[in-house]
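Notes follow once the structure below has been shown.
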Amino acid sequence: MEISQYTAEQIATLQAKLEKKLGPEYISTRPGPGGGPKLTYAEGWKIINLANEVFGFNGWSSSITNLTIDFIDVHGENPPRYNVGVHCITRVTLRDGAYHEDVGYGTAENVKQKSAAIDKCKKEAVTDALKRTLRSFGNLLGNCLYDKTYTEQVKNIKLPPVRIASVLSSQGCFEKNCTA
């Protein structure tokens with residue numbers, strides 16, 4: 001099938017955006033499991049915002065193809081505590097029909113309420129799956145976080161502090177109680 005010139009230009013523009021790497025303002029760190037080395041990641045809401053910027057708010061969609069509770073362990077008696085694990089498979093589809101799928105996982109440990117543990121795990125698994133799926137589209141949506149050389153370099157970049165007054169004025173807010 002032949003692609004029109006307009007479509008080929010759109011694809012080239014999109015590809016150029018996706019090849020860029022995340023800036024330090026999108027990258028967070030947290031302690032690794034068991035006190036291991038720090039892990040580098042991007043928060044879910046930031047990746048979703050980037051996907052909206054790159055593809056347009058109506059240029060992509062996501063769907064859950066599978067959401068499974070892997071285990072619910074109960075321990076203790078008064079009150080019981082719950083450990084839960086959930087996996088999720090998510091599909092991200094672009095407007096032109098191209099799609100990727102990936103898996104995410106969520107866990108909860110030592111939670112007092114079974115429903116709260118399950119809820120936390122499902123949300124975590126869905127967000128993890130969505131981020132992992134979006135990363136398959138390119139560096140800008142998180143794939144660059146798997147490049148250890150890059151993450152070591154970007155962790156050393158210091159961001160200037162955000163001045164609240166400048167943020168508010170850029171949104172058209174000049175008063176303390178502005179809700180723009």
Side-chain angles (χ1 to χ4, degrees), residues 1 3 7 10-34 36 38-75 79-148 150-151 154:
M1 178 164 58
I3 299 174
T7 304
Q10 283 182 317
I11 291 170
T13 300
L14 187 59
Q15 189 63 44
K17 288 180 186 178
L18 291 168
E19 287 174 1
K20 294 180 182 177
K21 294 184 178 181
L22 289 172
E25 67 274 21
Y26 293 98
I27 299 173
S28 301
T29 59
R30 64 178 171 82
K38 283 188 174 184
L39 301 176
T40 306
Y41 69 100
E43 294 178 68
W45 68 271
K46 290 180 181 181
I47 295 298
I48 291 169
N49 282 346
L50 276 173
N52 284 336
E53 286 181 36
V54 171
F55 302 124
F57 75 93
N58 63 349
W60 69 286
S61 63
S62 65
S63 58
I64 296 168
T65 58
N66 186 314
L67 184 63
T68 302
I69 297 174
D70 293 327
F71 66 88
I72 300 176
D73 295 336
V74 183
H75 60 92
R81 300 292 185 139
Y82 299 90
N83 295 339
V84 178
V86 173
H87 79 268
C88 176
I89 299 172
T90 300
R91 175 181 284 198
V92 171
T93 305
L94 301 184
R95 184 182 314 166
D96 69 358
Y99 69 90
H100 288 288
E101 289 184 343
D102 210 328
V103 65
Y105 207 79
T107 59
E109 294 181 2
N110 207 30
V111 179
K112 292 179 184 179
Q113 294 179 314
K114 183 178 180 180
S115 60
I118 293 170
D119 182 58
K120 176 197 177 291
C121 289
K122 285 182 176 181
K123 290 175 183 176
E124 191 175 297
V126 169
T127 300
D128 188 43
L130 181 59
K131 290 186 339 180
R132 289 181 52 83
T133 305
L134 284 168
R135 81 174 250 269
S136 63
F137 287 99
N139 282 325
L140 188 63
L141 294 177
N143 202 41
C144 62
L145 297 176
Y146 290 79
D147 178 350
K148 298 302 177 199
Y150 175 72
T151 56
V154 80

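Sequential numbering from 1 along the given sequence is applied to the chain's residues. Note: hydrogens, waters and symmetry copies are ignored here, and every other heavy atom, side chains too, is used.
- The heavy-atom pair separating N52 from W60 by the smallest distance is OD1-NE1, 2.9 Å.
- Side chains of L18 and F55 form a contact here, defined as non-hydrogen atoms less than 4.5 Å apart.
- For the salt bridge (Lys or Arg N to Asp or Glu O under 4.0 Å) condition, the pairs that include at least one residue of residues 13-29, sequence neighbours left out, are K21-D147.
- Taken from OH in Y41 to OH in Y26, the straight-line distance is 16.0 Å, to the nearest 0.5 Å.
- By the neighbour-count criterion of 12 heavy atoms within 6.0 Å, atom CZ of F57 is sparsely surrounded, having that number or fewer from other residues, nucleotides or ligands.
- For the pair L145/I27, a side-chain contact is recorded, criterion being any heavy-atom separation below 4.5 Å from C-beta on.
- Contact of the V111 side chain with the V84 side chain is not registered, since no non-hydrogen atoms from C-beta on lie closer than 4.5 Å.
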Side-chain polar contacts of residues 88-95 - donor-acceptor pairs under 3.5 angstrom, sequence neighbours left out - could you list them?
residue : atom : partner : partner atom : Å
R91     : NE   : E101    : OE2          : 2.9
R91     : NH2  : E101    : OE2          : 2.9
R95     : NH2  : N58     : OD1          : 3.1

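- In terms of the side chain to side chain donor-acceptor pair (under 3.5 Å) criterion, residue partners of D119 (sequence neighbours excluded) are, by chain and number, K123.
- Two residues are said to be in side-chain contact when any heavy atoms from C-beta on lie closer than 4.5 Å; K38 and R30 fail this criterion.
- The side chain to side chain contact (heavy atoms under 4.5 Å, CB included) test with L134 is passed by exactly one of L141, D102, N143: L141.
- Nearest heavy-atom pair, H75 versus Y82, reported as atom, atom and distance to 0.1 Å: NE2-N, 4.5 Å.
- A heavy-atom distance below 4.5 Å is found between the side chains of H87 and N66.
- L22 places none of its side-chain heavy atoms less than 4.5 Å from the side chain of N139.
- Applying the 6.0 Å contact sphere to CD of Q113 captures no more than 12 heavy atoms from other residues, nucleotides or ligands.
- Atom CZ of R132 and atom NE2 of H100 lie 13.0 Å apart (nearest 0.5 Å).
- In this structure, the separation between CD on Q15 and OG1 on T13 is 10.5 Å, given to the nearest 0.5 Å.
- The backbone N or O of G142 lies less than 3.5 Å from no partner atom in the side chain of R135, so there is not a single donor-acceptor pair.
- Smallest separation of non-hydrogen atoms from K131 and A42: NZ-O, 2.7 Å.
- Note: I47 CD1 to F137 CZ = 13.0 Å, rounded to the nearest 0.5 Å.
- For D73 against F71, the heavy-atom pair with the smallest separation is OD2-CD1, 3.7 Å.
- For the pair E43 and S28, the tightest heavy-atom approach, listed with the atom from each and the gap, is OE2-OG, 3.5 Å.
- Between I72 and K114 the shortest side-chain heavy-atom distance falls below 4.5 Å.
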- request: Apply side-chain contact (heavy atoms from CB on, under 4.5 Å) to W45 and T127, showing your working.
  value: CA-CA 9 Å; W45 68 271; T127 300; over 6 Å; no

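- Considering all non-hydrogen atoms of both residues, A108 and A117 come closest at CB-O, 3.8 Å.
- With hydrogens and angles left out, the side-chain atoms of Y105 and D70 include a donor and acceptor closer than 3.5 Å.
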